[in-house]
2 protein chains.
Amino acid sequence: MPRGRASNYDEQRGMILAKAAHLFAHGGYPGTSMNQVAEATGFSKATLYHYFHDKYSLLVDIAEGHVSRLEALVVDVVAERLEPEDHMRALIARIMAEYAGAQDAHRVLTSEVRFLEAADRKRILGKERRVVAGFADAIAAWHPEHAKAELTKPLTMLLFGMINWMFTWMRPGGALSHEALAPIVTDLFFGGVPAVGRGKAGRG
Amino acid sequence: MPRGRASNYDEQRGMILAKAAHLFAHGGYPGTSMNQVAEATGFSKATLYHYFHDKYSLLVDIAEGHVSRLEALVVDVVAERLEPEDHMRALIARIMAEYAGAQDAHRVLTSEVRFLEAADRKRILGKERRVVAGFADAIAAWHPEHAKAELTKPLTMLLFGMINWMFTWMRPGGALSHEALAPIVTDLFFGGVPAVGRGKAGRG
DNA sequence: CCTACCGATCGGTAGG
DNA sequence: CCTACCGATCGGTAGG
């Protein structure tokens, strides 16, 4: 059975990364062994080391691949040059769709970054910061008075809190899909942001 | 040097749990060795095993201790029988203060639960569910129309998203303290909840 | 692409 | 004979 040299190399790499992301997401990076990755992929451990230099490079590739797609998504939406409210809507809908299609990588990015070495963590958190900055810019353009009051950053982080946390409790195939939740998040944020700083939360 | 039998036993246990929580929060449960716990506490590993049956019981005690304090807090606030808005305010302020004083345990509870055995996970998630239910009941009493539309649960989870996520990015001693963030969370939630379902997020 | 291993370190326990 | 602890090492398994 002849085959082109490494004709499906990238495909195999992608399959291994997907299986590893699933294992890392559920068992944690230190808690997952290369033997488990080998078993899940159907490859021997030695074959795994043909595709990846070491266990660590699996972690880097999973985290960086995911955050790079998020960065590209933000760049795409910015290029559409939408009105502030539509820009916000597009960012929220697009990032939730991206998360929904990459739940394992999302979990790895949010809870296993601590295992990255300094240089890799710096590079990956830099991309993450540019994603957050894309949202913060959109919020600042939408409510410039909050930008002056330095409320943009905390508001951005609260929005990410709602969305990031969602994918820790949402069960795929559960009653609440991300499509059903997107308008609730958007209503809550759109309704709440104008109220921030007006002291409606004050006592009385 | 006479001493009372195990006079400081509970105190030593508490110290070990605090050190272990810090290590688990930063290195993960499987990524932390009992040798590290021993080094951090100043005890020999053998002494550690005098206080705890095994490494696993550290995890259970950290997670269960934290969630039990959260459960007690909710019971306390409910006992105050406040008006809906004040009840919500009290719940948000109290849980944020509790998180702020237990950041390590909070991280362990949110990202290391997956390492609990079935029986322990069931018991601990049961307590967690009662905490969430306390918030959901308060939201339902405050906005009964959302309860009818089955929006209470997602709204509760979005609120927990903002608060839980906050303690993953907030740096102790950073510019944004939890005291500064509490009114922003409350304004955003109080302003946003009435808008949910009114379709303000719809296109146009 | 596999079997057979390695140096090291793991969680847990021995004797005293 | 106890509790509280130590230095040293067990059998088994990790990443490679």
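Chain naming here is simple, since letters A, B, ... match the order of the sequence lines and numbering starts at 1 in each. No experiment lies behind these values; they were computed from the predicted model shown.
Contact annotation: A/S33 does not reach the phosphate of D/dT13 (side-chain N/O to OP1 or OP2, under 4.0 Å). Checking the phosphate oxygens (OP1, OP2) of D/dC5, no side-chain nitrogen or oxygen of B/H50 falls inside 4.0 Å. Side-chain nitrogen and oxygen atoms of A/S44 include none within less than 4.0 Å of the OP1 or OP2 phosphate oxygen of C/dC1.
When the shell of 6.0 Å around NZ of B/K19 is examined, it contains 12 or fewer heavy atoms from other residues, nucleotides or ligands. For CD of A/E150, the number of neighbouring non-hydrogen atoms (other residues, nucleotides, ligands) closer than 6.0 Å is 12 at most. For NZ of A/K55, the number of neighbouring non-hydrogen atoms (other residues, nucleotides, ligands) closer than 6.0 Å is greater than 12. Within 6.0 Å of CD in A/E83 there are 12 or fewer heavy atoms belonging to other residues, nucleotides or ligands.
Nucleic acid contact for B/Y56: none, since no nucleic acid atom lies under 4.0 Å from a heavy atom of the residue. Using a 4.0 Å heavy-atom distance criterion, B/Y51 is classed as a sugar-phosphate-only contact.
Nearest nucleotide to the B/T47 side chain, out of D/dC6, C/dG12, D/dG15: D/dC6.
Between the CG atom of A/N8 and the P atom of C/dC1 there is a distance of 8 Å, rounded to whole Å. The distance from atom CZ of B/F52 to atom C1' of C/dT13 is 18 Å, rounded to the nearest whole Å. Rounded to whole angstrom, the span from the CG atom of B/L48 across to the C1' atom of C/dT13 amounts to 13 Å. Remark: P of C/dC5 and CG of A/N35 are 16 Å apart, rounded to the nearest angstrom. We find that CZ of B/R13 is positioned 15 Å from C1' of D/dA4, with the value rounded to whole Å. Summarising the geometry, the separation between CG on B/D10 and P on D/dA4 is reported as 11 Å, rounded to the nearest angstrom. If you take OH of A/Y49 and C1' of C/dT3, they are 16 Å apart, rounded to a whole angstrom. In this structure, B/E39 atom CD and C/dT9 atom P are separated by 13 Å, rounded to whole Å.
Counting only distance, with no hydrogens or angles, the side chain of A/H26 and the backbone of A/H22 share a donor-acceptor pair below 3.5 Å.
With hydrogens and angles ignored, no donor-acceptor pair under 3.5 angstrom links the side chain of A/K55 to the base of D/dG16.
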